[in-house]
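The block underneath contains the structure these notes are about, expressed in structure tokens.
Source: prediction; values computed, not measured.
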Amino acid sequence: MVEVKNPFAISKIDGRVVMISDLLPEQKGKACNCICPECKGNFIARIGQKRVPHFAHDGEPCDSVKMILKSLYQLIKEALDEQGKFTVPSCYGYFNTNRFYHFMSLEEVRSNSSFTSIPQQRYDRIIKEQEFEVESSEIIKNNNEVPQWIIITENSKKHKLAVVILPPDTLCKGSHPKPVKGFSTVEIDLRSKRDFNSLKSMDLKKILIQQTEYKRWLSSPKITKWYEQQQAEQHKWYEKYCEKRAEKLSAPMVKCNENAVHEKSAVSVVCEEQGIYPPICAVIQDHRMEKEELLEFPSIYKDNAELLALQSHFSKEYNDVPTDAAVKDSYGRRWYFCNRCNQWYLAADMAIQGEGVYRNGKRERPNEGVCTFCSRKKPI
């Protein structure tokens with residue numbers, strides 16, 4: 001087992017955590033009078049000019065992960081007992097609702113939200129950075145006596161907060177923590193901190209207790225409430241979208257005849273001249289005459305004759321999805337093929353548009369995507 005460059009030890013004099021930078025030059029070697037936080041074996045302080053200063057076992061090394069975690073959690077408990085205060089970070093949240101044309105679940109809101117502890121444009125402030133008085137603290141360990149988190153009890157309202165520490169990558173690899181069930185949870189992520197072997201214990205205590213640079217919220221009732229507010233806002237937005245869409249679809253359809261003049265996009269004119277599709281009235285007429293149900297999958301256009309006819313027409317017309325020209329109807333509306341349910345839909349009813357692949361610098365099958373109906377279904 002390769003021994004890590006461990007900066008932590010326990011003093012034999014008072015049983016408190018000592019860091020290698022706390023020692024004087026004359027305390028090197030066995031004169032450090034320190035033991036291992038895990039196995040209680042004697043330590044040697046290796047302080048020199050050639051190698052990184054660190055503690056080493058005076059014998060066989062033990063489990064370095066347990067040793068580092070026990071040192072960090074004991075250090076934060078000592079700091080809490082000494083200072084009696086703890087600072088929690090700010091939390092700013094942003095919810096991205098792009099391309100979600102359905103009533104989103106709370107889990108979808110969570111997966112499409114991002115957070116930061118620094119104020120940013122368009123981010124909502126959920127939690128304010130603040131310092132509170134600490135009444136007590138307790139280190140919680142698993143069955144293997146490895147610290148998992150520390151529970152901090154607030155002095156005035158007796159609120160409890162779980163704090164999880166991620167050790168530096170240079171010392172040991174720690175698994176990414178999850179929120180502690182039943183507690184608001186703050187993570188102290190020290191993985192990017194590289195200079196532990198030159199850090200004094202008093203400076204590390206400030207990082208753990210006072211500073212918020214390495215802290216972030218994993219869970220809080222305030223964050224949960226913010227999720228619910230974003231979900232409610234999204235539902236209101238979607239209801240308005242459905243109302244506007246229903247008004248648009250219920251408007252009288254423009255008749256297509258030889259004498260009618262329509263404003264069409266350049267793409268629509270070219271497509272119609274090339275015979276990619278007939279006028280909409282002809283499509284509806286053919287659909288009514290055939291009375292053939294071409295679509296096996298439930299259609300969201302079943303209550304709209306125009307859209308259902310166009311959907312049936314495109315499904316019958318294109319056995320293979322076109323890879324060159326965009327598929328548009330006579331009104332210039334873009335249609336996409338859902339590659340999950342194998343049906344054509346308007347662009348507004350797609351959750352993912354243009355789900356093609358790039359080959360030789362060119363997108364192939366740009367008319368493909370995933371409809372909103374299929375996007376809400378769990379993958380098989």
Side-chain angles (χ1 to χ4, degrees), residues 4-24 27 32-38 43 45 47 52-55 64-90 117 129-141 146-155 159-172 174 177 180 183-218:
V4 297
K5 303 297 184 182
N6 170 45
F8 300 106
I10 300 295
S11 172
K12 289 183 180 179
I13 299 174
D14 55 12
R16 301 175 72 81
V17 176
V18 177
M19 297 190 71
I20 192 67
S21 293
D22 294 333
L23 302 182
L24 300 174
Q27 291 179 292
C32 66
N33 203 22
C34 294
I35 60 174
C36 173
E38 167 58 19
F43 263 166
I47 305 174
V52 175
H54 64 281
F55 290 104
S64 61
V65 176
K66 290 183 179 180
M67 176 177 62
I68 299 300
L69 288 174
K70 284 188 175 182
S71 302
L72 284 170
Y73 278 98
Q74 182 173 336
L75 194 68
I76 191 174
K77 182 168 175 57
E78 290 177 6
L80 290 168
D81 294 340
E82 292 169 5
Q83 302 180 25
K85 295 180 181 180
F86 185 80
T87 303
V88 294
S90 301
S117 58
E129 177 182 327
Q130 60 179 327
E131 182 183 77
F132 63 86
E133 301 287 336
V134 176
E135 181 183 85
S136 62
S137 60
E138 179 186 4
I139 299 174
I140 307 299
K141 301 179 181 179
V146 179
Q148 299 292 287
W149 54 78
I150 184 169
I151 302 296
I152 302 174
T153 304
E154 192 262 341
N155 192 25
H159 291 163
K160 294 183 181 294
L161 174 72
V163 178
V164 184
I165 303 177
L166 267 175
D169 284 340
T170 52
L171 300 180
C172 66
V180 180
F183 295 93
S184 297
T185 307
V186 169
E187 172 193 82
I188 305 179
D189 189 351
L190 302 174
R191 289 175 298 176
S192 61
K193 189 70 176 171
R194 302 297 181 187
D195 57 346
F196 264 64
N197 294 78
S198 61
L199 197 65
K200 292 183 179 296
S201 58
M202 61 180 296
D203 296 325
L204 182 54
K205 287 177 180 179
K206 289 180 181 179
I207 292 174
L208 295 172
I209 301 301
Q210 299 176 6
Q211 299 179 13
T212 58
E213 178 183 356
Y214 300 97
K215 296 176 183 175
R216 73 179 183 96
W217 285 93
L218 295 182

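Nearest approach of Ile76 to Ile150, heavy atoms of both residues: CG2-CD1, 4.0 Å. Pairing each heavy atom of Ala45 with each of Gln27, the nearest pair is CB-O, 3.8 Å. Between Ser71 and Pro37 the shortest heavy-atom distance is OG-CG, 3.1 Å.
In this structure Ser201 satisfies the side chain to side chain donor-acceptor pair (under 3.5 Å) test together with Asp22, sequence neighbours excluded. Applying the side chain to side chain contact (heavy atoms under 4.5 Å, CB included) rule to Val146 yields the partners Lys66, Leu69, Asn142, Asn144, Gln148; only residues at least two apart in sequence or on another chain are considered. Taking Glu135 as the reference, Lys158 meet the salt bridge (charged side-chain N to carboxylate O under 4.0 Å, His left out) condition, with sequence neighbours excluded.
At a threshold of 4.5 Å between non-hydrogen side-chain atoms, the residues His54 and Pro7 do not count as touching. Between Phe132 and Lys85, the closest side-chain pair of non-hydrogen atoms is not below 4.5 Å.
The side-chain tip of Lys12 does not point at the ring of Phe43 from less than 6.0 angstrom away and within 45° of straight on.
Rounded to the nearest 0.5 Å, atoms CD (Glu78) and CD1 (Ile209) are 10.5 Å apart. Rounding to the nearest 0.5 angstrom, the gap separating the CG atom in Leu161 from the CH2 atom in Trp149 is 13.0 Å. Annotation: the span from Met19 atom CE to Phe8 atom CZ amounts to 4.0 Å, rounded to 0.5 Å. The line from CZ of Arg216 to CG of Asp189 is 7.0 Å long, rounded to the nearest 0.5 Å. Going from atom CG of Asn6 over to atom CD1 of Ile68 covers 4.0 Å, rounded to the nearest 0.5 Å. The structure places CG of Leu75 at 10.0 Å from CD1 of Ile207, a figure rounded to the nearest 0.5 Å.
Classification of Lys205 and Glu82 as a salt-bridged pair holds, one side-chain N sitting under 4.0 Å from a carboxylate O.
Lys200 and Ser21 share no side-chain donor-acceptor pair at under 3.5 Å.
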Inset, instruction - In sequence, state the C-alpha distance, the side-chain angles, and the governing distance for Leu190 and Leu166, and then conclude on side chain to side chain contact (heavy atoms under 4.5 Å, CB included). - result: CA-CA 6 Å; Leu190 302 174; Leu166 267 175; 5.8 Å; no
Legend entry - side chain to side chain contact (heavy atoms under 4.5 Å, CB included) evaluation trace for Glu129 with Val88: CA-CA 6 Å; Glu129 177 182 327; Val88 294; over 6 Å; no
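Within a 6.0 Å radius of NZ in Lys77, other residues, nucleotides and ligands contribute more than 12 heavy atoms.
Only one option out of Leu23, Ile10, Asn33 pairs with Val18 in a side-chain contact (heavy atoms from CB on, under 4.5 Å); it is Leu23.
No donor-acceptor pair closer than 3.5 Å links the side chain of Tyr73 to the backbone N or O of Val164. Gln83 places no side-chain N or O within 3.5 Å of a backbone atom of Leu80 that could act as its donor or acceptor partner. Remark: side-chain polar atoms of Asn197 are paired, donor with acceptor, to backbone N or O of Pro53 under 3.5 angstrom. Of the possible polar contacts, none joining the Lys215 side chain to the Ser117 backbone as a donor-acceptor pair under 3.5 Å is found. When atom types are taken as modelled, the side chain of Trp217 and the backbone of Pro89 share a donor-acceptor pair closer than 3.5 angstrom. Panel note: side chain Thr185, backbone Phe183; a donor-acceptor pair is recorded below 3.5 Å.
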